[in-house]
Amino acid sequence: MTATSASDDQLRLFIERIERIEEEEKGIKYDKRDVFSEAKAQGYDVKTMRQVIRLRKMSTADRQEMEAILDVYKAALGIV
């Protein structure tokens, strides 16, 4: 096996791994959509659920900073 052949094989393996991962991602995307559809059918607000998920991913400090800035903006616009 030549160096070119070995590197070609390695490249092919990388591409195939990425393609498998993309297929798995597609399946997970559909599963996630199904869960949101089920939640919506049970009366939950999907838009709010997405916001809660985004907030849960944030650190406490980042979330508190964002909420403080939001409060300032809301007060400035008379929304509070």
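The basis for the numbers below is simple: all heavy atoms, side chains too, and nothing from hydrogens, waters or symmetry mates.
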Hydrophobic side-chain clustering at under 4.5 Å (ILVMFWY, transitive links): who's grouped with Ile28? Put none if nobody.
none
Using the side chain to side chain contact (heavy atoms under 4.5 Å, CB included) criterion, which residues pair with Glu16? Sequence neighbours excluded.
Arg12, Leu13, Glu19, Arg20
List, by chain and number, the other hydrophobic cluster members for Phe36, where Ile, Leu, Val, Met, Phe, Trp and Tyr join if side-chain heavy atoms come within less than 4.5 Å, directly or indirectly.
Tyr44, Val46, Met49, Ile53
ILVMFWY clustering at 4.5 Å (side-chain atoms), partners of Val72:
Ile69, Tyr73
With Gln10, which residues qualify under side chain to side chain contact (heavy atoms under 4.5 Å, CB included), at least two apart?
Phe14
Output every pair passing side chain to side chain donor-acceptor pair (under 3.5 Å) with a member in residues 30-42, not counting sequence neighbours, ordered by first then second residue.
none
State which residues pass side chain to side chain donor-acceptor pair (under 3.5 Å) with Asp62; sequence neighbours excluded, sorted by chain then number.
Ser59
Check which hydrophobic residues are tied to Ile79 through side-chain heavy-atom contacts below 4.5 Å, counting indirect links as well, and list them.
Leu77
Can you list everything that forms a side chain to side chain contact (heavy atoms under 4.5 Å, CB included) with Leu55? Sequence neighbours excluded, please.
Met58, Arg63, Met66
Can you sort out the partners of Ile21 under side chain to side chain contact (heavy atoms under 4.5 Å, CB included), two or more places apart, ordered by chain and number?
Glu25
Using the test salt bridge (charged side-chain N to carboxylate O under 4.0 Å, His left out), find all partners of Lys47 that sit at least two apart in sequence or belong to another chain.
none
Quick one: side chain to side chain donor-acceptor pair (under 3.5 Å) partners of Thr48, sequence neighbours excluded?
Asp45
